[in-house]
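These numbers come from the heavy atoms of this one structure, side chains and all, not from hydrogens, waters or symmetry mates. Computed from a predicted model, the values in this text were never measured in an experiment.
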Amino acid sequence: MANMINLASIDLNLLVVFDALMQERSVTRAGRRVGLTQPAVSQALSRLRQLVKDDLFLRGPKGMRPTPRALELAGPVREALAQVERALEPVAFNPATATNSFRLAMADYAASLILPPLAHRLEHEAPAVDIRVRINDNVSALGLLDRNEIDFAIGYHTEWPERFDGQVLFRETYVCVMRRGHPLAQERITLEEFASARHLLITLTGEATGFVDRLLRKRGLTRRIAMTANQFLVAPLIIQDSDMIMTLALRTAERFAEVNNLHIVPVPLEPDPIDLTMLWHKELSRHPAHEWMRSLLVEICRNV
C-alpha cells in the first residue's frame, strides 16, 4: 500500500494558500486575499511543493500557471475547505450585518435584467454584501463552479451533472427584430424571407451558429450570418442602422423597440421557449448565505 500522508503534519493554511493561488493565479493577489505577505505566500507554496512532490504552479506571461497535478487537487481542496467553512459558519444568516461576497457568472443580457433590482435590494437589505460578476458563455460555467471561481452560474443550461443543483429563474421567448424602415417590416414574415435575410448573431463563444440554424437545417434551409457580436446589449444599436435582422429575446426586444426604433415580428420557425437557469454546487445547497442569495435572485426574476 502506498504511504499515506499524515494529516496531523499538514498545516491547513497551506491549503488556504493553494486555493487562493488557484483563484488569483498571482502570488501578490493571493497574499492580499488571505492576508499574507508575498514572501509568506512563496514560502507556503514551497512547503506545498515539498508535500505533494510537484511544482504545482509555474510562472508564465499571464501569471502563475497551474500544473496538471494542481488542477487535480483544486476541486478536492476547495470542497474540503468549503466543508470546514460550513462547519464554522453561524447557524443563522443575517443579511443586515453580513459581509459576504457572492460571485455570479451571466451574460450581459441577464445582467441587465437582474443586477439593477439586485443592487436596489442589497442597498436596503444587505448593505455590506458585495457582488462580483463575470461573463457566462454557457460552456465554461461548470468548470468555474468546480474551481470555486463563482458561486452561481446563470444562463441557458439545459442539463448538468449530478454534483450541481439548478433552478429555473424565468422562461424566455424569442422574436425577430429589425429597423422600422426595413423592407421586411411587416406584421409577419415568411420562413423563406427570414432565411434569405442577412442576420446578426450574438455569440459568447465566437461560434457562428445557434439554435435558429439547427431549426432551419431541419427544414432544409440555411441563413447567412452577416455579423457576429459578443454582447446582447449592442445588438439593437447595430440593427437600427442596418438591414440585418436578428432573433432576440422578447424582453430585450421590447425594452429597445421604442428607444432604437425597432420593429418586432414573430419568428416564423416558432422556436420553443428557453429557460434561464441558475446553477450552483450541490454541496452549498444548505449553506445559509447561499440559500438567502438564491431566494433573493429567484424573487427578483419572478418580477422581471
Less than 4.0 Å between a side-chain N and a carboxylate O, is that true for Arg78 and Asp146? no
Counting only heavy atoms not in Arg163 (residues, nucleotides, ligands), do more than 12 fall under 6.0 Å from its CZ? yes
Specify whether Phe194 and His199 have parallel, tilted or perpendicular ring planes, treating 30° as the upper limit for parallel and 60° as the lower limit for perpendicular. perpendicular
Can you sort out the partners of Thr173 under side-chain hydrogen bond (donor to acceptor under 3.5 Å, both in side chains), two or more places apart, ordered by chain and number? none
Going by the angle between their ring planes, with limits at 30° and 60°, are His290 and His287 parallel, tilted or perpendicular? perpendicular
Does a salt bridge link Glu149 with Arg134, judged by any charged N lying under 4.0 Å from a carboxylate O? yes
Could you list all the salt bridge (Lys or Arg N to Asp or Glu O under 4.0 Å) pairs where at least one residue sits in residues 180-192, not counting sequence neighbours? Arg180-Glu258
Minimum heavy-atom separation for Ala235 to Met246, with atom names? CB-SD, 3.4 Å
Is the terminal nitrogen or CZ of Arg294 (NZ for Lys, CZ for Arg) located under 6.0 angstrom from the six-membered ring centre of Phe102 and within 45° of that ring's axis? no
When you look at Asn148 and His281, which way does the side-chain hydrogen bond (donor to acceptor under 3.5 Å, both in side chains) test go after all the steps? CA-CA 9 Å; Asn148 191 42; His281 242 293; over 6 Å; no
So does Arg179 pair up with Asp243, basic N to acidic O under 4.0 Å? yes
Can you tell me how far CZ of Arg103 sits from CZ of Arg132, rounded to the nearest 0.5 angstrom? 11.0 Å
